[in-house]
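What follows is one structure encoded as structure tokens, with my remarks underneath.
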There are 2 protein chains.
Amino acid sequence: MQSRTERFAAFRRALKEKGLKSTAQRDDIARVFFASTRHMSIDDLYQEVRKVNPRVGYATVYRTIKLLKDCELADERHFADGQTRYENAESDEEHHDHLICDKCGKIVEFNDQRLESLQEQIASDLGFVLARHRMELYGICRECRESAGRTRRNRAG
Amino acid sequence: MQSRTERFAAFRRALKEKGLKSTAQRDDIARVFFASTRHMSIDDLYQEVRKVNPRVGYATVYRTIKLLKDCELADERHFADGQTRYENAESDEEHHDHLICDKCGKIVEFNDQRLESLQEQIASDLGFVLARHRMELYGICRECRESAGRTRRNRAG
DNA sequence: GTCAGTGCAAAAGATTTGCATGCGA
DNA sequence: TCGCATGCAAATCTTTTGCACTGAC
């Protein structure tokens, strides 16, 4: 598991390799991103970065997250709500999937090796060599089920 | 497995239940959608519907696909390319997941009961009651692998 | 000093909404 | 007839881009 420091170093290295410049904005955005709780939207990232460096523009956040994607340091995700979010890229060893509560929106990460092997097998049976996958489970978490009897809280749409 | 006629009837019924009107536009859009190859974008649907009825507006396609979602007759999907697409909703018995070729974009549907049970079990272990899931496997299909030896085609990224 | 990187605002896409009019029930 | 549904255009929202200026190398 890469530390945020290692990721940041990898970013700097990748920039250098590509002949791109390290700038205060890129550094701030990358640092915030690597330090972040996972699954940030562009706007989350923008807001966080502005706290550190109010001189960063929205466009630069977009441009930098695209760089991070290219460097394979950020994964883009489109969950069922349609919101585009980003998370720190996972290496093979730390791959995980998501379990999402339909009520409170909580996202739990998990990894199950049986699932991974089964997927490989299914793909192979259908003639594919599997590169990657996305899996999201949606349901209601324990807390929401327990509080459902008392309070009824729903999310729009 | 519901036929397109059954789906259409279900749509009409759902409209009536909700106190909404059946109109030529809604009928045309629904018919085209139910008859469609799967995974249409809004624009695909719009283009197809215009062939049948050139008097249908873009906004109505949006409004109607939303209706179809509400009636659980259309499923909205956001594949990794970010394009929003719709497909005929699946009932529990005909649920399927997707296997997508990174090279040619081919989408193969499959269903595997072992996968379904495993997912239930994982969710339950983590305290969730599972409602639904999304799973997409990405890889390279046999045809693309076989032609790769001759022609080398790569995608950016 | 040079040219890539940046902020801003404008542009481009995708989706939604306001409003006058049309049409189904 | 009555009011929901529609088409159009304008409004939103998200993301990208053009341009003059800044700053890393």
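Cluster membership for Val108(A) and Tyr138(A), using ILVMFWY side-chain heavy atoms within less than 4.5 angstrom, is not shared.
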Distance-only check: which donor-acceptor pairs under 3.5 Å involve side-chain atoms of residues 123-132 of chain B, not counting sequence neighbours?
residue: Arg132(B); atom: NH2; partner: Asp102(A); partner atom: OD1; Å: 2.5
residue: Arg132(B); atom: NH2; partner: Asp102(A); partner atom: OD2; Å: 3.2

Please tabulate, for side-chain N and O atoms in residues 57-66 of chain B, each donor-acceptor pair with protein atoms closer than 3.5 Å (sequence neighbours left out).
residue: Tyr58(B); atom: OH; partner: Asp43(B); partner atom: OD1; Å: 2.8
residue: Thr64(B); atom: OG1; partner: Thr60(B); partner atom: O; Å: 2.7

Going by atom type alone, with no hydrogens or angles, which donor-acceptor pairs under 3.5 Å involve a side-chain atom of residues 13-24 of chain B and a protein atom two or more places apart or on another chain?
residue: Thr23(B); atom: OG1; partner: Arg26(B); partner atom: N; Å: 3.1

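Distance CG (Asp28(B)) to P (dG7(D)): 10 Å, rounded to an integer number of Å. Spacing between atom NZ of Lys18(B) and atom C1' of dA5(D) amounts to 16 Å, rounded to whole angstrom units. The distance from atom CG of Asp27(B) to atom C1' of dC4(D) is 15 Å, rounded to the nearest whole Å. Whole-Å rounding puts the Leu67(A) CG to dA4(C) C1' distance at 12 Å. Separating the OH atom of Tyr58(A) from the P atom of dA12(C) is a distance of 21 Å, rounded to the nearest angstrom. Taking atom CD1 of residue Ile29(B) and atom P of nucleotide dA5(D), one finds them 13 Å apart after rounding to whole Å. For Arg26(B) and dC4(D), the CZ to P distance is 11 Å, given to the nearest whole Å. Rounded to whole Å, atom P of dT16(D) lies 11 Å from atom CD1 of Ile65(A).
Take the nearest nucleotide of DNA chain C for Tyr62(B) and for Ser22(B): the residue whose nucleotide is more 5' is Tyr62(B). Toward the 5′ end of DNA chain D lies the nearest nucleotide of Thr64(B), the other residue of the pair Thr64(B) and Leu20(A) mapping further downstream.
Here Thr84(A) does not reach the OP1 or OP2 of dT14(D): none of its side-chain N or O atoms lies under 4.0 Å away. One finds no side-chain N or O of Thr23(B) lying less than 4.0 angstrom from the OP1 or OP2 phosphate oxygen of dC23(C).
Sorted by first and then second residue, the ring pair (Phe, Tyr, Trp, His ring centres under 6.0 Å) pairs involving residues 103-123 of chain A (not counting sequence neighbours) form an empty list.
Interface residues of residues 40-57 of chain A facing DNA chain D, ordered by number: none; criterion, heavy-atom separation under 4.0 Å.
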Could you list, one pair per line, each protein nitrogen or oxygen that sits under 3.5 Å from a nitrogen or oxygen of nucleotides 17-23 of chain D, together with the distance?
residue: dG23(D); atom: N2; partner: Lys21(A); partner atom: NZ; Å: 3.2

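Remark: Glu120(A) pairs with no residue by the salt bridge (Lys or Arg N to Asp or Glu O under 4.0 Å) rule, at least two apart or across chains. Remark: His98(A) pairs with His39(A), Phe79(A), His96(A) by the ring pair (Phe, Tyr, Trp, His ring centres under 6.0 Å) rule, at least two apart or across chains. Partners of Asp27(B) by salt bridge (Lys or Arg N to Asp or Glu O under 4.0 Å), not counting sequence neighbours, listed by chain and number: Arg12(B).
The distance from atom CZ of Arg50(A) to atom CD1 of Ile29(A), rounded to the nearest 0.5 Å, is 11.0 Å.
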